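A quick write-up on the structure given underneath.
Letters go in sequence order (proteins before strands), and every chain restarts at 1. What you see below is based on every heavy atom in this structure, not just the backbone, and it leaves out hydrogens, waters and symmetry mates. Because the structure is a prediction, the values reported are computed rather than measured.
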There are 2 protein chains.
Amino acid sequence: MIHHAWLRPGMWAGRRVRIVGDGLEVVREEAARAGFVPGDPADLVLAIEDVGTGPEGFRLGRRNGGIAVSAGAPAGLLYGFFEVLRRGERPIGADEEHRPARERRMLDHWDNVDVHPVMGQVERGYSGGSLFWSPGRDIGRVRDYARLLAATGINAITVNNVNVHAAETRLLTERLDEVAAIADVVRPFGIRVHLSVNFAAPMVAGGLSSADPLDDVVREWWKEATARVLGLIPDFGGYLVKADSEGQPGPFEYRRTHADGANMLAEALEPYGAVVHWRAFVYDHRQDWRDRSTDRARAAYDHFAPLDGQFRDNVILQVKHGPMDFQVREPLSPILLGMPRTRLATELQITQEYTGQQRHVCYLAPMWTGVLTGTDLVAVSNAGDDPFWTGHPLAQANLYAFGRLAWNPALTAEQVLDEWIGLTFPRAREILHDLMDDSWRTYERYTAPLGVGWMVRPGHHYGPDVDGYEYTPWGTYHFADRDGIGVDRTRATGTGFTGQYPEPWASLYESRDSCPDELLLFFHHVPYTHVLQSGVTVIQHIYDTRFAGAARVAAMRLRWRDADGLVEAGVHERVAERLDEQLRSAEEWRDQVNTYFLRKSGIPDRHGRRIF
Amino acid sequence: MIHHAWLRPGMWAGRRVRIVGDGLEVVREEAARAGFVPGDPADLVLAIEDVGTGPEGFRLGRRNGGIAVSAGAPAGLLYGFFEVLRRGERPIGADEEHRPARERRMLDHWDNVDVHPVMGQVERGYSGGSLFWSPGRDIGRVRDYARLLAATGINAITVNNVNVHAAETRLLTERLDEVAAIADVVRPFGIRVHLSVNFAAPMVAGGLSSADPLDDVVREWWKEATARVLGLIPDFGGYLVKADSEGQPGPFEYRRTHADGANMLAEALEPYGAVVHWRAFVYDHRQDWRDRSTDRARAAYDHFAPLDGQFRDNVILQVKHGPMDFQVREPLSPILLGMPRTRLATELQITQEYTGQQRHVCYLAPMWTGVLTGTDLVAVSNAGDDPFWTGHPLAQANLYAFGRLAWNPALTAEQVLDEWIGLTFPRAREILHDLMDDSWRTYERYTAPLGVGWMVRPGHHYGPDVDGYEYTPWGTYHFADRDGIGVDRTRATGTGFTGQYPEPWASLYESRDSCPDELLLFFHHVPYTHVLQSGVTVIQHIYDTRFAGAARVAAMRLRWRDADGLVEAGVHERVAERLDEQLRSAEEWRDQVNTYFLRKSGIPDRHGRRIF
């Protein structure tokens, strides 16, 4: 059985609906699915009218004792209908106008066609196989997924991994019909399909001898390939490219800039109103840990800021929210504040690669609301063909929250969570708030401290390994020694990364005294005896928070017992299993991190708790 | 082109041979291959005669101006012929009697039928695919391999991995003909085939509901399976079993002892004169690093010593030479000194899992000669379908040396190496001695210090990761903190492991003062400032040896240039590439280990060399 997530059928059973307008087949189906029956006088009127809210907006109010939704287009009406479902019994008062804050609200899927023997089918996926590409794929399931996404406000998806391997390169060419089949299924829900493409596709799939973006033959190849795509998928959204990154090909090979590369694709897509998402995740992944002059945190800004203003209008530079890679705590990427003449998208990671891999409860929206800057939003999906969609049933909330925040960034993380709980597990509302409200900070408390990141096991990135990345080529170091820890990224004595920020951040981060505690070790190397703004020393903070974090998980695990009978048995059991593992893992984190720092610092816990 | 290794064809071109006796087809072929032509008066006479040297021995001397070899059986005559080839131009004087010190001289192959996506086909193999099971297997290559082995004195091989997966379990049953085909090829070279079997084979391959060694149905199944094997392979050598180890099934599941398990198989094999090799490598691989009461080094002795005297006569308990797992330096396993009423075999590892993976030059015989105790000898092969047989051409020497030492443990490592060089790369004799004589100690100098082991990257075991195994379930810890390092295995204050040794070793290892420097950290936790018998402190020893080890590799790399033109171009190039990598890796080891301990101890190098 597939879990219904936030769209339970029959919620409005027996209510009467009137639907006015053409092209509203999906709206009719969705209304029927929710339990509405056609009838008059209607409890709900859904009508196409020119209400001036744009192609996706709608108006919501009451008319003749019923609820009325009006929109200029089917997509807007569908969004309005889903807003009605979300409201449930909560009152709708005066006439409301709704429209999305952002034109494009996008999910990237790191799904492969082939199944990797170790990584599985979805890179950094923890929810089973790919919804799009698994061998026994159920196209009805893709439709259900599209419905769920539309009900959060998502209107664009990339259907394959940014690391575009051999089989996936051909989605652009021979296997394009498979992409078109997905587009056909998701289109009625207002969702456009994008494709991750291999920068070397002209060579890999096209047989050319070059992928040089300034080579006319290459440009022509992309134009022709793009024309074929748009011929089959008229509302095709565009390309996503990871170039010159972690071994992927890119323009550097031809001594061209990333603007050259992105603009070539943009030119091919421009006639169709489609876009290029070009990732800014470019750094030296073969760094030598002995080289203290290179700082991975600087890399994206150093590569891209000089190109500001050189990208075509339909290029969107897609920037991870932090300068490293989706750690539990990072400062905002300085690119997001430093390229005023470039269209930007902030990339978030819903799939919990570094935040517990959907074995830990970790509601991420409080992190995200801290990094929203007004750019476009894109996020890496956490969904798969798992019956609960997201492996951990409570990880659904992250998928839901991303869509809602992309539509309306003024919502708070708490509001969105409450909405999701109300739609999904309404009888366990208090319990779920207890478990989830603070779960991101809880996860932070038992893992890497004070913004330093990267204490995970290399490769799979689950569980603690304090020195795991310390002597690797990945540029991911904490420099802990017997006296102190942290990365000096100041202008005065360090890598100068703080200088990539405009004021007031540049000065805020530059000084140990003003740098926020939670980012202190990201920006500064300090002694273990350094006193934080919180009043405790770094070493005592490490001990205190590790103990507190693990204790909190133990309490969460007990609390979940109260939900027995308040959620479906299958959900209760799955969450209970995951909480068992979360507690085991949190205690492992607590003990490894504490032991590591006790061994290194020699400073005992002032409360005398057990450190192994 | 396949490298000829230590059997170059045509070495004796034009000499005359006379061969007297029946069943000597292989002897004739080998003589012809070496360049001999039949003729009289003969430079070499090979004759079957009853000379009282047993089935594998031979007499060697001069008669009528030529060399004369006499043996009671074809196998002995073949060994005698290979001895002649080995002698080359070195004089043969008075009549010599040769016979092997050990009846069984055995290689284990960790070869799988299936190819693992990450590990490849040969577990811990660094020499390409399996000679026996790779899809394009060349049976002629198997014959060449058998010839090479016979020329070192090997007379038994296990043809599949001790971790017996699904496909390999069926080598005992449906796929037995594939094993028989190998046996047919190697038999003329005096080599018997053994098979690794899955303890749960009665269930996996036989469909029974149990593998309980005291269950009559199970015992009957093994008897019938064994009868079928011997029906097809009349000289079948026996079974090799890894039970209750690293996830493999075993008798513990049925609350039976390992004697129960081994004796069941021994009983089935006994009528045919075949044996069970039962591995003593049993330990808790899901240990909790927080548990300081468990010591993996103790495990094998704790499990097996109480069973001494309970094994049937045709059970051979196969014991890794050290108590851990083939680290570059370990003490002798106490089992090898503590089970007088049990047949024992010492297991060595030719494949360089923890000693540079055939990317580093590491001639292992000096380690082996230090752990030979008079038991049978078994070793894990390093050969594969690589054109040089062993990945690194110089790693051939380890394969050669094992066979020679198994035949004659009185040989020194230097003698054997000189033999191998003389047969293989005679024009580069001095250069190869320079590179290889001390290469094991060189490897030790830049890797984990003073016997503590386990500073490799988890999983693949290549390259440094000082804390890589420190907080894992594998029982492999060094306990380094800011003050000191090492594992306290004393009776007085530690795990009591030293008490598993008889005197004088028990006392020798128990005391810091008498414990040999090279094993100090295996047995003791000491401060970095502890002064070694060598007169330097532990920390300074770490620095000094890391610098010396890496510098030695740099010198080896330069020295190899002198061999250009003295060995085949392909060999020169392959070794040069590997030396480049060895130097890169040795410098990485030097710098990571030094930095790790400088960060932890805070004690600078007294010579002020660069530590990052």
**OP:** Name the orientation class of the two ring planes belonging to A:His461 and A:Tyr354 (parallel below 30°, tilted from 30 to 60°, perpendicular beyond 60°).
**Re:** parallel

Original post:
At a heavy-atom separation under 4.5 Å, does B:Pro458 approach chain A through its side chain, its backbone, both, or neither?
Top reply: side chain

Subject >> Residue part contacting chain A, namely of B:Ser601, when any heavy atom lies under 4.5 Å >> reply: backbone

**OP:** Name the option with the most non-hydrogen atom pairs under 4.5 Å to chain A; the candidates are B:Thr472, B:Leu598, B:Asp467, B:Asp591.
**Re:** B:Asp591

Subject >> Max heavy-atom pair count under 4.5 Å with chain A, selected residue of B:Glu470, B:Arg482, B:Arg292 >> reply: B:Arg482

Original post:
Under 6.0 Å between ring centres, would you say that holds for A:His360 and A:Tyr446?
Top reply: yes

Original post:
Hey, do the aromatic rings of B:Trp454 and B:His478 have their centres closer than 6.0 Å?
Top reply: no

Subject >> Distance-only donor-acceptor check, side chains B:His165 and B:Asn198, under 3.5 Å >> reply: no

**OP:** Run the salt-bridge test on A:Arg599 and B:Asp481 with the 4.0 Å N-O cut-off and return the result as yes or no.
**Re:** no

Original post:
Out of A:Phe479, A:Phe612, A:Tyr471, A:Tyr596, which one racks up the most heavy-atom pairs below 4.5 Å with chain B?
Top reply: A:Tyr471

